[in-house]
Participant: 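Handing you this structure, nothing more for now.
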Amino acid sequence: MKEELKTGELLEAAREARRRLEREQEELMERAEQLKDLMTALEATEDVLQENERLEEEIEQQRSQHQEEKEQLRQQLQDEKDKNTKLEMQLKEMSKMTASVAGKASQEEVQKALRVFVNKSKRKKMDKRIAVKEMVLELANANGLALPPDLAATIDSLDDEQPPEPLPSEVPEVIAKSRYWQKLKAAGLIDDNNQPTVSRPEAALMAEALAKRIGIENKWKVFEQLWQRNNMRNDFNTALEQKKSLEFQERLKVILD
């Protein structure tokens with residue numbers, strides 16, 4: 001009987017020990033899983049820290065680049081300001097010098113010089129056109145110079161928004177090599193893009209005069225293509241109805257002949 005009790009106690013003790021081992025094994029496996037999760041979290045944290053470091057470096061590079069661009073822009077603005085200041089000084093000196101010369105020249109000579117100067121200034125930036133307008137008006141007022149209506153209108157429009165500058169046109173060889181074409185460019189009636197600097201009716205008169213002297217057939221088609229416009233025949237008819245066209249025709253004769 002005693003031996004049976006001992007055997008039962010031993011079996012129970014063995015089962016209890018086994019249960020403890022199983023519990024401990026489960027606890028170890030649970031801790032192992034927790035450690036695995038912790039390692040995964042630590043690795044993810046390390047990745048985040050590295051990405052954050054990379055982003056900080058990138059932000060610093062961009063900040064440095066923006067600082068350089070800001071400094072370059074500031075320098076460009078200062079250079080532009082210096083240029084404008086220099087231009088204003090030059091215009092003032094030019095105004096004084098031109099006033100002195102204008103006092104010795106005839107009104108017709110001064111008007112011709114102003115016309116060329118104003119036409120060449122039409123493609124400049126707004127601030128420079130405003131400065132030119134002020135200088136020319138100051139010169140005219142100081143010398144009692146009477147400005148023809150077309151020149152006065154051109155001067156008055158200097159501070160208006162100018163149309164986009166046209167692309168340079170390819171001039172037909174027969175026109176480009178003509179001394180008449182070169183005379184018109186020298187007089188400021190044709191700009192560096194081979195476009196007329198005068199009104200459409202006056203440009204039509206100019207085309208007629210060129211075609212007559214050079215011997216261009218189908219003149220309207222040729223000059224409409226060259227000057228990027230249509231209906232030049234109508235412009236020519238309009239010019240014939242305007243009294244001021246007579247003055248321009250006389251001016252063309254002086255320039256071309």
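We use all heavy atoms of the structure for the numbers below, so side chains are in, but hydrogens, waters and symmetry mates are not.
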Participant: In plain terms, say whether Arg251 and Glu247 are close enough for a salt bridge, that is, a side-chain N and a carboxylate O under 4.0 Å apart.
Facilitator: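 A salt bridge is absent here (no side-chain N lies under 4.0 Å from a carboxylate O).
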Participant: State which residues pass side-chain contact (heavy atoms from CB on, under 4.5 Å) with Arg20; sequence neighbours excluded, sorted by chain then number.
Facilitator: Glu16, Ala17, Arg23
Participant: Output side-chain donor-acceptor pairs under 3.5 Å for residues 210-223, partner residues at least two apart or in another chain, one line each.
Facilitator:
residue, atom, partner, partner atom, Å
Arg213, NE, Asp257, OD1, 3.1
Arg213, NH1, Ala209, O, 3.2
Arg213, NH2, Asp257, OD1, 3.3
Arg213, NH2, Asp257, OD2, 3.1
Lys219, NZ, Glu208, OE1, 3.4

Participant: Quick one: closest heavy-atom pair of Trp181 and Ile175, and the distance?
Facilitator: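 Where Trp181 meets Ile175 most closely, the heavy atoms are CB-O, 3.1 Å.
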Participant: Just list the side-chain donor-acceptor pairs under 3.5 Å for residues 198-206, sequence neighbours left out, or say none.
Facilitator:
residue, atom, partner, partner atom, Å
Ser199, OG, Glu202, N, 3.4
Ser199, OG, Glu202, OE1, 3.3
Arg200, NE, Asp235, OD1, 3.4
Arg200, NE, Asp235, OD2, 3.0
Arg200, NH2, Asn230, O, 2.5
Arg200, NH2, Asp235, OD2, 2.8
Glu202, OE1, Ser199, N, 3.4

Participant: What residues, two or more places apart in sequence or in another chain, satisfy side-chain contact (heavy atoms from CB on, under 4.5 Å) together with Asn231?
Facilitator: Asn234
Participant: Would you sort out whether Gln242 and Thr238 count as a side-chain contact (heavy atoms from CB on, under 4.5 Å), showing the intermediate values?
Facilitator: CA-CA 7 Å; Gln242 296 177 342; Thr238 300; 3.7 Å; yes
Participant: Is the backbone of Leu240 close enough, under 3.5 Å, to the side chain of Ser245 for a donor and an acceptor to pair up by distance?
Facilitator: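 Not a single qualifying donor-acceptor pair exists.
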Participant: Does atom CZ of Arg18 have more than 12 heavy-atom neighbours from other groups under 6.0 Å away?
Facilitator: no
Participant: Excluding sequence neighbours, so at least two apart, what forms side-chain hydrogen bond (donor to acceptor under 3.5 Å, both in side chains) with Lys177?
Facilitator: Glu173
Participant: Considering residues at least two apart in sequence or located in another chain, which fulfil the salt bridge (Lys or Arg N to Asp or Glu O under 4.0 Å) criterion with Glu27?
Facilitator: none
Participant: Answer yes or no: is there a donor N or O on one side and an acceptor on the other, between the side chain of Asn193 and the main chain of Gln195, under 3.5 Å?
Facilitator: no
